[in-house]
Each structure stands twice: as C-alpha cells, then as structure tokens.
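Just so it is clear, the values below take in all heavy atoms, side chains as well, and ignore hydrogens, waters and symmetry mates. Start at 1 and go down the list; that is how both ligands and their atoms are numbered.
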Amino acid sequence: MSSPPQSRPPRAVVVGGNFGGLAAAIALQRCGIEAKVYERAPDMGVLQGAKGAMHQYPNSAKACRVLGAADRVLDRGVVWHHWESWTASGKMLGRWNLDELERMMGEPTIMIDRRDLHQALLETLSELDPDAVRTGMRCVGFEQDAEGVTARFEGAEDVRADMLVGADGLKSAIRAQIHGPGELRPTSGVNIRGDTTLGEPAMPVGTSRIYWGRGVQLGLNQITEGRVAWFLRTVRAKQQTDLAAAASLVRGWAAPVEQVLDETEPESVATFELFDRAPLTSWGEGRVTLLGDAAHAMLNTLSQGAAMALEDAAVLKLSLDEHGCSDLPASLRAYEQRRLPRTTSFVNRSRAMGNISLLDNPVGCWLRDRFVSWGNNLVWSRTKKAAAESF
Ligand SMILES: Cc1cc2nc3c(=O)[nH]c(=O)nc-3n(C[C@H](O)[C@H](O)[C@H](O)COP(=O)(O)OP(=O)(O)OC[C@H]3O[C@@H](n4cnc5c(N)ncnc54)[C@H](O)[C@@H]3O)c2cc1C
C-alpha cells in the first residue's frame, strides 16, 4: 500500500458524529491526520436533543485522558460515590463504594448527561480543527483501492481520503458493507426512562440504586440535589409503556420509588427498545475500520457502550503512535486486534446481565437476590478488575 505524498498529512473520513465519531476524530487529529466527521443529522444540536444520565467508570476517564478530553468531560460530570442494590420492598442487598475504584484507577466514576459528554468531545475536537464536522451527510458506502478510500454520500459529492472510520452506530452502513446486514438481537423487555425534580434529594448526590423486582428493574440516579434520573426495564408492559404504566409497575415499592415516579415530568419520559449484535471476529478491511457501536453494539446493562467507544478511540491513537501512518492498514489491524477481546467480553457480559435483570419467576428472582447479596463481593471484585484492565 502506498503512503500519502510527503507534502500533505494523511486524511481520514469518520462516519458518524456521536461519541465514537468525535472521539475517533480527536484521536486521529492528535496523530497528525486530517480527520473530518461526516454526520447524517442536519446539525449537531439534534444529537444533543435528548437528555439522559450516563454512567462513566474510570476506564472512560482514562480513555478521555489519552484523547486530551478528560478535564472537559470530568468538569461536566458528577462524581458517583455509591452503587446500591435493593429489593422492591426496601432491603439493601449490597453497596459498592466507587471511591475505592477511583483510588485504584486514579480516575473517578461519574454520572454525566449525554448532551454534556457530547459537548465536551465536540469542544475538544473544535479546538483541534474548528471545521472538523460536516452535518447533513449520510454515508451510503465506500470503495477502496491501493491508493485510498472513497466515501459515498447521499446527494453529496464523494470524499477521497487515506482511511475511513465507521463510527455510525448500531445500524452502521460501513459495517453492513463489510460484514452484511447481520441481525439485531432484541431484548425481552421494554425500557422507559424519565427525570424527576424533587424539593429534597431522595438519596445522597452521587448515589445510584437498582431495585430488583419480579420482571421489573428500576434504577434511580441522584444526579444533583434536585434531579433524579430513572430508568425502568420490564417484561411486564409490552403494550403500555407510558409514565402511568411505569408508575403502576412499582406501586407499593419502598420509598422513594413511588414519589420519584409520581413526580416525574411527563415530557421527560422516553421509551426505547434495546438491541445488541453478536460480536464480530474481525472489524475492518484495508483502509477501513469500525469503532464504537458500529463495531460492538452492546446492551446498556453494564453502562459501557460509550465508554468502549472512547476506549476504542484511545487505542486507535496509541496504535497509530506506535505503528505510524506509513502503512495505515497495518496500524488499523493492530488497533482492531487490541480491541477485539475486551469489547467482545463486554458485549457478552452486558447480555448476560440483561437476562438476569428481567427474571420474572419467583424462584429465579429469589436466587438472583441471594446472588446479588452474597455474590456482591465476587461481582464487585470482578467489576473492579475489568474496569482496571489495561486497554
Ligand atoms: C438507554 C441507554 C443508556 C445508555 N447508558 C450508557 C451509560 O450509562 N454508559 C455508557 O458508556 N453507555 C451507555 N449507553 C450506550 C451508548 O449510548 C452507546 O454505546 C453510544 O452512543 C455509542 O456511540 P457511537 O458513537 O459508537 O454510536 P451512536 O451513538 O449510535 O452514534 C452513531 C452516529 O452515527 C450517525 N450515523 C448513522 N448512520 C450514519 C450514516 N450512514 N452516515 C452518517 N452518519 C451516520 C448517527 O446519526 C449517530 O450520530 C446507553 C445506551 C442506551 C440506549
């Protein structure tokens, strides 16, 4: 494969302008590659339209540190101190101290609104190249040869570059071209989330609680003194998935559950379906690679999807630092080889956790509660180990 002429730096097309795409462009820019992001949305404001709390474990901050975006991200987050498991009737099954994880990894665990994470990455990229993002650009495929890669866009001119990163999410066009359409794997339940503003905090700020019921799992996140962001997963409300349906599923549960749902602002409520995909055994080919959900779409049950996209970008940077830009396909394969085992493990573990969270039969739920309680230390130590593993 020939390298770009000495007179100009390599160019990259990054397809997709959410967390993965922005992080990839930051990584490439920091390696001296002229990376432009091509996003199908008409403007970046559309991607920041929906609020929603995200958990970012220390591995995310560690990745952001490699990308030079950590301070901006951490400044916008709230340090998350405790992760608690409760029964629906109000018995605490386990409590994890996330400050311990911070001591171990040197970075905090945070809760951050997804709009703030996006904005922090966008600002970091804009500082490197104020003209790095092209919106209203839907990529429909690519062609490549020995000299470069050509990205095709709906209703717009082709773009020629030296490499292409498909960071276009769950239904990635780039992935589909390389690996075929594949299948989206559904989950058995529905997911509802919402926001509540309370006069008094329901829990200490920086606390997350999971309440385990039969066929219903409820998570509460105390993000600020006044704001609780919640999500509910259930196999029990296939048809009706509005706020009233959610509130009826947790009627009689321990305080502050009923209050949080009763005082939820209806306009904050959103319902969504969750999917993942079976892990791939290889990602890219030639000058093209995948990153984020396009490469390894996972369920949100371990809160690692966006974090894995950030880790991907960090490793892309480290691989290019190590292998250079003179043989881009070789550097991209090195990046993929380094990422495949860890991301595959998180796809599988996230699905397993999804199955546990929606158990509906009484015996299964009893065993699950014992496991959450007695197995707490085991799970916690494994989680710490996974989060601490080097990427
Ligand atoms: C309810 C929920 C809660 C979650 N909570 C967490 C959490 O707490 N922590 C965490 O780390 N992760 C969480 N995740 C996962 C996280 O949201 C995803 O893993 C993350 O958004 C993946 O980022 P991405 O950039 O790879 O893909 P996406 O976010 O899917 O972005 C892909 C981008 O590509 C664009 N695009 C698509 N096709 C094209 C095309 N053909 N041409 C141009 N542009 C295109 C899209 O418009 C989009 O902007 C959660 C997910 C859900 C659904």
Point to revise | Distance flag, aromatic centroids of H296 and W283, threshold under 6.0 Å | key: yes

Revision key, fill the gap. Between A161 and R11 the two heavy atoms that sit nearest each other are CB-O, 3.5 Å

**Study point:** Six-ring centre of W366, R370 cation under 6.0 angstrom, axis tolerance 45°
**Key:** yes

Check your understanding: With a cut-off of under 6.0 Å to the ring centre and 45° to the axis, is R368 in cation-pi contact with F371?
Key ->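 Not flagged: R368 not positioned over aromatic ring of F371.
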
Check your understanding: Would you find more than 12 non-hydrogen atoms of other residues, nucleotides or ligands less than 6.0 Å from E267 atom CD?
Key -> yes

Tell me: protein heavy atom nearest [atom], and distance?
{"atom": "atom 27 (O) of ligand 1", "result": "G169 CA, 3.7 Å"}
{"atom": "atom 6 (C) of ligand 1", "result": "M54 CE, 3.7 Å"}
{"atom": "atom 18 (C) of ligand 1", "result": "D293 OD2, 3.5 Å"}
{"atom": "atom 8 (O) of ligand 1", "result": "H55 N, 2.8 Å"}
{"atom": "atom 28 (P) of ligand 1", "result": "N18 ND2, 3.8 Å"}
{"atom": "atom 51 (C) of ligand 1", "result": "R114 NH2, 3.7 Å"}
{"atom": "atom 21 (O) of ligand 1", "result": "F19 CD1, 3.4 Å"}

Practice item. Would you please say whether a donor-acceptor pair under 3.5 Å links the side chains of R227 and T197? Key: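 Checked: R227/T197 side chains show no N/O donor-acceptor pair below 3.5 Å.
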
Point to revise | Donor on one side chain, acceptor on other, Q56 and T109, under 3.5 Å | key: no

Which of the ligand 1 atoms, numbered from 1, are nearer than 4.0 Å to a heavy atom of [X]:
{"X": "L47", "value": "49 (O)"}
{"X": "Y38", "value": "43 (C), 44 (N)"}
{"X": "G292", "value": "26 (O)"}
{"X": "G20", "value": "24 (P), 25 (O)"}
{"X": "R138", "value": "41 (N), 42 (N)"}
{"X": "M137", "value": "42 (N), 43 (C)"}

Review point. Backbone or side chain, does any N or O of A307 fall under 3.5 Å from an N or O of ligand 1?
Key: yes

Practice item. Please report the C-alpha distance between S208 and W80 in whole Å, then the side-chain angles of each, then the deciding distance to 0.1 Å, and finally whether the side-chain hydrogen bond (donor to acceptor under 3.5 Å, both in side chains) criterion is met. Key: CA-CA 8 Å; S208 285; W80 183 22; 2.9 Å; yes

**Study point:** From the candidates E273, Q56, E311, the one that places a heavy atom nearest atom 11 (O) of ligand 1
**Key:** Q56

Exercise for review: Could you tell me if any non-hydrogen atom of A167 lies under 4.0 Å from any atom of ligand 1?
Suggested key: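 Yes, A167 has a heavy atom closer than 4.0 Å to ligand 1.
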
Review point. What do you reckon, does R193 put a non-hydrogen atom under 4.0 Å from ligand 1?
Key: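 Contact check R193 vs ligand 1: positive.
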
Practice item. Assign the ring pair W253 / Y211 to parallel, tilted or perpendicular, where the plane angle (0 to 90°) is split at 30° and 60°. Key: tilted

